[in-house]
S.K.: 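Dropping a structure here in structure tokens format, bear with me for questions.
Every chain is numbered from 1 and lettered A, B, ... according to where its sequence line falls, protein lines coming before strand lines.
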Amino acid sequence: MTTRRLVRIAIAVLAVGVAAWVLVGPRLRPHVFHGVVMQSGTPAPAIDLEATSGGRAGLDSFGGKLVVVYFGYTHCPDVCPTTLSSLNKALDLMGNGADDVQVVMVTVDPERDTVEYLADYMTYFDESFIGLTGPIEDISRIATAYGVYFAADEGDIASGYTVAHNASLMVIGRDGHLRLILPPELTADQIADDLRYLR
Amino acid sequence: MKRAPRLRQLLAAVLTLLLGSCAGSEAVTVSDAWSRPVPPVSPASAVFLQIANGTDTAVTLTGASSEFCGAMELHETTMDDAGVMAMRPLAGGLRLDAGESGLLAPGGIHLMCLEPKAFEGSFDVELIINGADTISATVSIEDR
């Protein structure tokens with residue numbers, strides 16, 4: 001075997017190795033989550049509220065999809081539109097995979113966010129987005145069960161009042177368990193990356 | 001004959017100094033003003049921008065107005081250790097020392113546009129400086 005032949009074989013082996021690393025490597029490496037992983041042994045707290053999609057809805061209403069739950073409100077000019085826009089972009093990045101994800105926003109301002117109003121608001125960001133509302137007592141109970149704090153702030157503000165709220169996204173897995181908490185500062189790319197892995 | 005180049009150099013130096021001092025005394029300038037598109041039913045949107053104080057004295061951005069907003073207020077979004085986000089009027093406005101720049105950005109300071117009337121394209125706002133002077137800016141509506 002000539003030296004030239006040996007070099008050719010070595011180059012071929014190296015090329016196959018590099019190709020395998022590029023193609024298979026990412027699948028072998030464990031996914032590093034951008035959000036906070038939750039390992040709950042019990043199902044996520046139940047949700048039973050009036051839905052913009054019609055009737056009442058809960059976590060089991062979405063055909064086994066991943067459910068992304070956000071607690072927000074429509075009078076929120078900064079954080080809520082930013083988050084809903086990021087979620088829309090994340091679903092766009094997921095392509096067909098977005099069909100396995102349902103985004104819902106539970107309003108923390110049911111006094112102003114009627115179901116009709118929420119419907120117009122949510123579908124503007126994405127046709128598939130669903131708004132949920134109901135009596136403040138029910139929403140408070142659900143939010144507390146998810147560890148989400150919210151409280152109206154009657155400050156001197158033109159919009160009347162604002163609502164301070166935890167702006168993280170709760171991701172409920174197909175098994176109905178809370179799997180992930182996505183902090184509000186994540187980008188659409190990072191959200192898509194985590195949802196793509198979980199779906 | 002040898003004095004002409006020197007004279008030219010002197011004139012150039014004087015002109016540079018004059019132009020430099022003019023640039024230094026620029027007023028407050030606003031750039032990259034934008035607003036995220038919100039649903040037409042939305043009761044509020046937020047305006048973000050960069051503002052630079054090119055003067056030699058401190059100024060304060062105290063508010064804004066626009067015929068495309070029912071009302072405008074300078075607000076600050078804050079997030080505590082528990083991830084709770086709150087929004088409150090920025091008491092006293094946004095002070096910029098001489099030569100200082102400020103950024104109004106998502107998750108921080110913004111101008112709230114209550115009852116927005118523009119949902120695409122752009123709209124004009126008047127920023128209020130020191131509670132009296134105004135600066136015009138055009139806000140681009142874009143999804144960033």
Side-chain angles (χ1 to χ4, degrees), chain A residues 36 71-86 88-89 92 108-109 112-114 116-126 129 131 143 147-170 181-185 187-188, chain B residues 34-49 63-66 68-93 103-120 125 139 141-144:
Chain A
V36 179
F71 292 83
Y73 68 114
T74 67
H75 274 72
C76 157
D78 181 7
V79 180
C80 305
T82 301
T83 301
L84 292 173
S85 175
S86 293
N88 166 257
K89 287 175 191 153
D92 280 349
V108 291
D109 186 14
R112 293 185 292 197
D113 289 344
T114 63
E116 296 80 12
Y117 190 66
L118 266 176
D120 286 342
Y121 189 83
M122 294 300 288
T123 52
Y124 172 85
F125 291 98
D126 191 293
F129 286 6
V148 168
Y149 166 89
F150 71 90
D153 187 354
E154 308 275 357
D156 180 19
I157 198 162
S159 59
Y161 62 92
T162 61
V163 185
H165 62 107
N166 186 301
S168 296
L169 299 164
M170 310 289 163
I181 296 178
L182 301 172
E185 62 269 21
T187 64
Chain B
W34 67 284
S35 179
R36 190 182 304 287
V38 292
V41 295
S42 185
S45 65
V47 172
F48 310 107
L49 51 85
S65 68
S66 171
F68 296 93
C69 304
M72 292 192 86
E73 284 182 350
L74 191 61
H75 288 171
E76 183 173 31
T77 300
T78 57
M79 183 166 77
D80 68 13
D81 292 342
V84 175
M85 309 202 81
M87 193 185 73
R88 296 195 177 87
L90 191 62
L103 180 66
L104 276 62
I109 298 171
H110 64 262
L111 282 163
M112 184 181 74
C113 170
L114 194 69
E115 295 163 8
K117 297 174 181 68
F119 301 97
E120 57 184 4
V125 298
V139 179
I141 299 175
E142 52 190 274
D143 195 11
R144 294 191 181 179

S.K.: Contact part of A:T162 toward chain B, heavy-atom cut-off under 4.5 Å: side chain, backbone, both or neither?
M.R.: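 The side chain, not the backbone.
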
S.K.: Side chain, backbone, both or neither: which part of A:F150 has an atom under 4.5 Å from a heavy atom of chain B?
M.R.: neither

S.K.: For chain A, find which of B:A86, B:P43, B:P40, B:S42 contributes the most heavy-atom pairs closer than 4.5 angstrom.
M.R.: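 Winner by heavy-atom pair count: B:P43.
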
S.K.: Counting only non-hydrogen atoms closer than 4.5 Å, does A:S85 touch chain B with its backbone (N, CA, C, O), its side chain (CB onward), both, or neither?
M.R.: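 The side chain, not the backbone.
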
S.K.: Is it the backbone or the side chain of B:S45 that comes under 4.5 Å from a heavy atom of chain A, or both, or neither?
M.R.: backbone

S.K.: With a 4.5 Å heavy-atom cut-off, do A:N166 and A:F71 have their side chains touching?
M.R.: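 In short, these two side chains do not touch, never coming nearer than 4.5 Å.
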
S.K.: At a heavy-atom separation under 4.5 Å, does A:P183 approach chain B through its side chain, its backbone, both, or neither?
M.R.: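 Neither part, no heavy atoms under 4.5 Å.
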
S.K.: Name the member of A:V79, A:T82, A:N88 that forms the most heavy-atom pairs with chain B at distances under 4.5 Å.
M.R.: A:T82

S.K.: Quick one: sort the A:Y73 and A:H165 rings into parallel, tilted or perpendicular, breaks at 30° and 60°.
M.R.: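 Rings of A:Y73 and A:H165: perpendicular, over 60°.
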
S.K.: Is chain A contacted by the side chain of B:A82, its backbone, both, or neither, given a heavy-atom distance below 4.5 Å?
M.R.: backbone

S.K.: Examine whether an atom of B:M79 lies under 4.5 Å from a heavy atom of chain A, and if so say whether it belongs to the side chain, the backbone or both; otherwise answer neither.
M.R.: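 The side chain, not the backbone.
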
S.K.: Measuring only between side-chain heavy atoms, which start at C-beta, is A:P81 closer than 4.5 Å to A:Y121?
M.R.: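 Yes - at least one pair of side-chain heavy atoms lies under 4.5 Å apart.
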
S.K.: Decide side chain to side chain contact (heavy atoms under 4.5 Å, CB included) for A:C76 and B:M87; before the verdict, give the C-alpha distance in whole Å, the side-chain angles of both, and the deciding distance to 0.1 Å.
M.R.: CA-CA 8 Å; A:C76 157; B:M87 193 185 73; over 6 Å; no

S.K.: Which atoms of A:D120 come close to chain B, meaning under 4.5 Å heavy atom to heavy atom: side chain ones, backbone ones, both, or neither?
M.R.: both

S.K.: Can I get a per-line list of side-chain donor-acceptor pairs under 3.5 Å for residues 103-119 of chain B, giving both atom names and the distance, sequence neighbours left out?
M.R.:
none

S.K.: If you compare all heavy atoms of A:P184 against all heavy atoms of B:M85, which two are closest, and at what distance to 0.1 Å?
M.R.: CG-SD, 4.1 Å

S.K.: A:V163 versus chain B, heavy atoms under 4.5 Å apart: side chain, backbone, both or neither?
M.R.: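 Interface part for A:V163: backbone (N, CA, C, O).
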
S.K.: Testing the basics here: between B:D143 and A:K89, what is the closest heavy-atom pair and its distance to 0.1 Å?
M.R.: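 Smallest interatomic distance, heavy atoms only, reads OD1-NZ, 3.4 Å.
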
S.K.: So do A:D78 and B:F48 actually touch side chain to side chain, heavy atoms under 4.5 Å?
M.R.: yes

